[in-house]
2 protein chains.
Amino acid sequence: MELTERKKQILKVVVEDYIHTAEPVGSKTIAAEMGGSVSSATIRNELADLVEMGYLEQPHTSAGRIPSPKGYRLYVNELMERQKLTIAETERINQALQMKMEELSRVISQAGRAVSSFVNYPAYVAAVGKKNLCASRFDLLSVDEYNCIVVMMMGDNRVKSQLLRLQLKVEAGQMADLVEQLNRHFTAIPADEMNRRLMEMAEEMSPQMFLLLSQTVSYAVDVLEESGRREIITAGTNQILKLPEFRDADKAHELMGFLADDKESLPVPDEGPMKILIGPENVSEALQDTSVVVASYDIGDDMRGLVGVVGPTRMDYAAVAARLTGFAEGLSRLFGKELPPKEDTQT
Amino acid sequence: MELTERKKQILKVVVEDYIHTAEPVGSKTIAAEMGGSVSSATIRNELADLVEMGYLEQPHTSAGRIPSPKGYRLYVNELMERQKLTIAETERINQALQMKMEELSRVISQAGRAVSSFVNYPAYVAAVGKKNLCASRFDLLSVDEYNCIVVMMMGDNRVKSQLLRLQLKVEAGQMADLVEQLNRHFTAIPADEMNRRLMEMAEEMSPQMFLLLSQTVSYAVDVLEESGRREIITAGTNQILKLPEFRDADKAHELMGFLADDKESLPVPDEGPMKILIGPENVSEALQDTSVVVASYDIGDDMRGLVGVVGPTRMDYAAVAARLTGFAEGLSRLFGKELPPKEDTQT
DNA sequence: GTTTAGCACTCCGGGAGATGGAGTGCTAAA
DNA sequence: TTTAGCACTCCATCTCCCGGAGTGCTAAAC
């Protein structure tokens, strides 16, 4: 059977109507919405074909039709009109992203909340950390004979520091030596190599020096590993409670539990700026009845962030996609401008 | 009318039964639970008295009784037996708090999740930041002629640092001078005085120096203000969906919205280690039908943290109180041991 | 005076029909 | 190929009904 232009039009009407009403769409409604050029009987014939082809489903005989995942997929790929944001909306997005220099993670989570309240679905955000980040420079500032401050600059120009309580007394000369060793042997290598390097050096130096060195290195490893880890933050999970498909408390609980605990398995776009996953296209068990739209944006050189939205398969793809793009662009600009040159990420 | 010992016993049975079943408790059940020493008819007489006195309520004639807020209050104050945690539970709590040195906020939020999953209610946690925190030491590390690293140590021995892009070229001599100025004039004063001090110094120095100084100071102010702000984190809000009192999606949505957006207005214990607020004792509109149990613990010298739990008025106060105490002690130990002496809070 | 048995009464919750509306599928005609 | 017409299906809603749980009261027993 062929998918005629009219069939596509009908599918589009069904999808868009169902998105807004969450009720099966009947032939009469469709006929009216298509301008009355054809009768409802004709529509009915077409609908039967669309069901047979797998684009629509029927909850039961004598009910209207609802789109199947395959139907949504076709809609998203071909039928959906790319929505433009109004100037006011763009304005609002940028305003929501207007924030002072703060901890990266806080900026991210605030963005998540903004996205969620914008699209009225749960949102998730993440900064995908740089893998294999290296230290680029070490400093030690003496506080007293048992305490010093480690300062470590990393490849992405972020700086981290901490007060270190030394396990033994240390003199100025040793300190300088230590810094020298650190900068010579422990810069420009990834965290997982640091421990190996440290072991190699064990024999060549005094036990005291080694102790101090290993204390510092272990701090460096911690920090680098922490920045490599990517953390996903969810926001606005309670939005789903407004949706008719989650009236059932158990269903809502399941999804919310997933969003709270298993967020690591939320989809990340592999390439391309945007990805849409519909119902069973998701791998996670808990997302089989939901759709996910996720956009990515650039942060630093080879770092990427992402903003995503989780909703029912009946989600307003066009609106969500447009807004998500707006946010991704805004965040890209925010990080592109503020982070590298002047207000670098904070310690 | 007098509140006899037997009335109290009956009240206790009603509260504890209702806590576990969420169903009105009938006279027969009570009689059975009290060992059959009195008949249900006697209990009925007593129940009528308790209703009249305001300790119990009746959803409608010919239904069992449920405790009123006043009833819960009496229960919490007098009747509740202080529960002891088993060794296994204490073990589990300490295990849940076993974490590597990480960002303070992350430790806190992880603790929140642990608490929530322990008691099966939403939890909230916060570190109440030190007000009027001051810088205790500044350092500047030159990177190149346009960039340097600011390192600031604070009164609580935490260290923060950041790469600073200078607005003009700077020489080694100036840098030393700058550090000297910073350490002389901007340590041991709170953030809100820094700007004033800066203004006073404007005239006494060259415009170039002033520019550099103000850049550094503004960083310091940002950091100090940020640490003073207290942030409350909620976890496990979806737990409420399991409770029969929140089967209604609207109710659940309202409370979850509150926990997500207005968490700042969640109660903080003013003094004493633990506080219990029952139903209308809460100020927040959204908490009128819920109870809050909150415990506090010490962090540093004059810093306090808190862990709290939000649940239905029918919450298992004894169990929650015991576990919360356990967590508070664990966190107290965690911070008391790890933070000040050795693994100080991270930059 | 307090406790208990007995009994009529109330109220809720849930199941069984009954009803009507929305929508379909099919047939036959245009 | 499209359309009008019609019988049919299925769901949602409403009402009604009934049983069970629990009460309040009264009168007798302790």
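So that the names make sense, note that chain A is the first sequence line, chain B the second, and so on, each numbered from 1.
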Find the distance [X]:[atom1] to [N]:[atom2] and express it as a whole number of Å.
X: A:Tyr18; N: C:dG23; atom1: OH; atom2: C1'; answer: 16 Å
X: B:Glu2; N: C:dG1; atom1: CD; atom2: P; answer: 16 Å
X: A:Glu52; N: C:dT24; atom1: CD; atom2: C1'; answer: 16 Å
X: A:Glu5; N: D:dT1; atom1: CD; atom2: C1'; answer: 18 Å
X: B:Glu57; N: D:dT23; atom1: CD; atom2: C1'; answer: 17 Å
X: B:Lys7; N: C:dT3; atom1: NZ; atom2: C1'; answer: 13 Å

What do the steps show when you test A:Leu277 against A:Val294 for side-chain contact (heavy atoms from CB on, under 4.5 Å), and what is the final call?
CA-CA 9 Å; A:Leu277 288 162; A:Val294 51; 5.7 Å; no

Assess whether atom [atom1] of [X] is packed by more than 12 heavy atoms of other residues, nucleotides or ligands within 6.0 Å.
X: B:Arg92; atom1: CZ; value: no
X: A:Asn120; atom1: CG; value: yes
X: B:Lys28; atom1: NZ; value: no
X: B:Arg113; atom1: CZ; value: yes

At less than 4.0 Å, is any side-chain N or O atom of [X] found next to OP1 or OP2 of [N]? Yes or no.
X: A:Thr61; N: D:dC10; value: yes
X: B:Gln58; N: C:dC11; value: no
X: A:Arg6; N: D:dT1; value: no
X: A:Arg65; N: C:dG23; value: no

Counting only Watson-Crick pairs (N1-N3 plus N6-O4 or O6-N4) and G-U wobbles (N1-O2, O6-N3), all under 3.5 Å, who is the partner of C:dA29?
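In the structure as shown, C:dA29 has D:dT2 as its Watson-Crick or wobble partner.
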
Given that both distances must come in under 3.5 Å, which nucleotide forms a Watson-Crick or G-U wobble pair with C:dG15?
D:dC16

Protein heavy-atom contacts under 4.0 Å, written 5' to 3' over nucleotides 17-22 of chain C as B (base), S (sugar-phosphate only) or - (none), form the string ------

Check this for me, if you would: do B:Glu81 and B:Lys12 make a salt bridge, where the nitrogen-to-carboxylate-oxygen distance has to be below 4.0 angstrom?
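Judged by the 4.0 Å cut-off on N to carboxylate O distance, B:Glu81 and B:Lys12 do form a salt bridge.
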
Answer yes when A:Glu245 and A:Lys251 have at least one side-chain N-carboxylate O distance shorter than 4.0 Å, and no when they do not.
no

Which value, rounded to the nearest 0.5 Å, describes the distance between A:Leu255 atom CG and B:Leu241 atom CG?
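CG of B:Leu241 is found 10.5 Å from CG of A:Leu255.
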
Neighbours of DNA chain C within residues 26-50 of chain A, by heavy-atom distance under 4.0 Å
A:Gly26, A:Ser27, A:Arg44, A:Leu47

Chi angles and distances behind the side-chain contact (heavy atoms from CB on, under 4.5 Å) call for A:Val25, A:Arg65
CA-CA 5 Å; A:Val25 189; A:Arg65 308 303 206 286; 5.7 Å; no

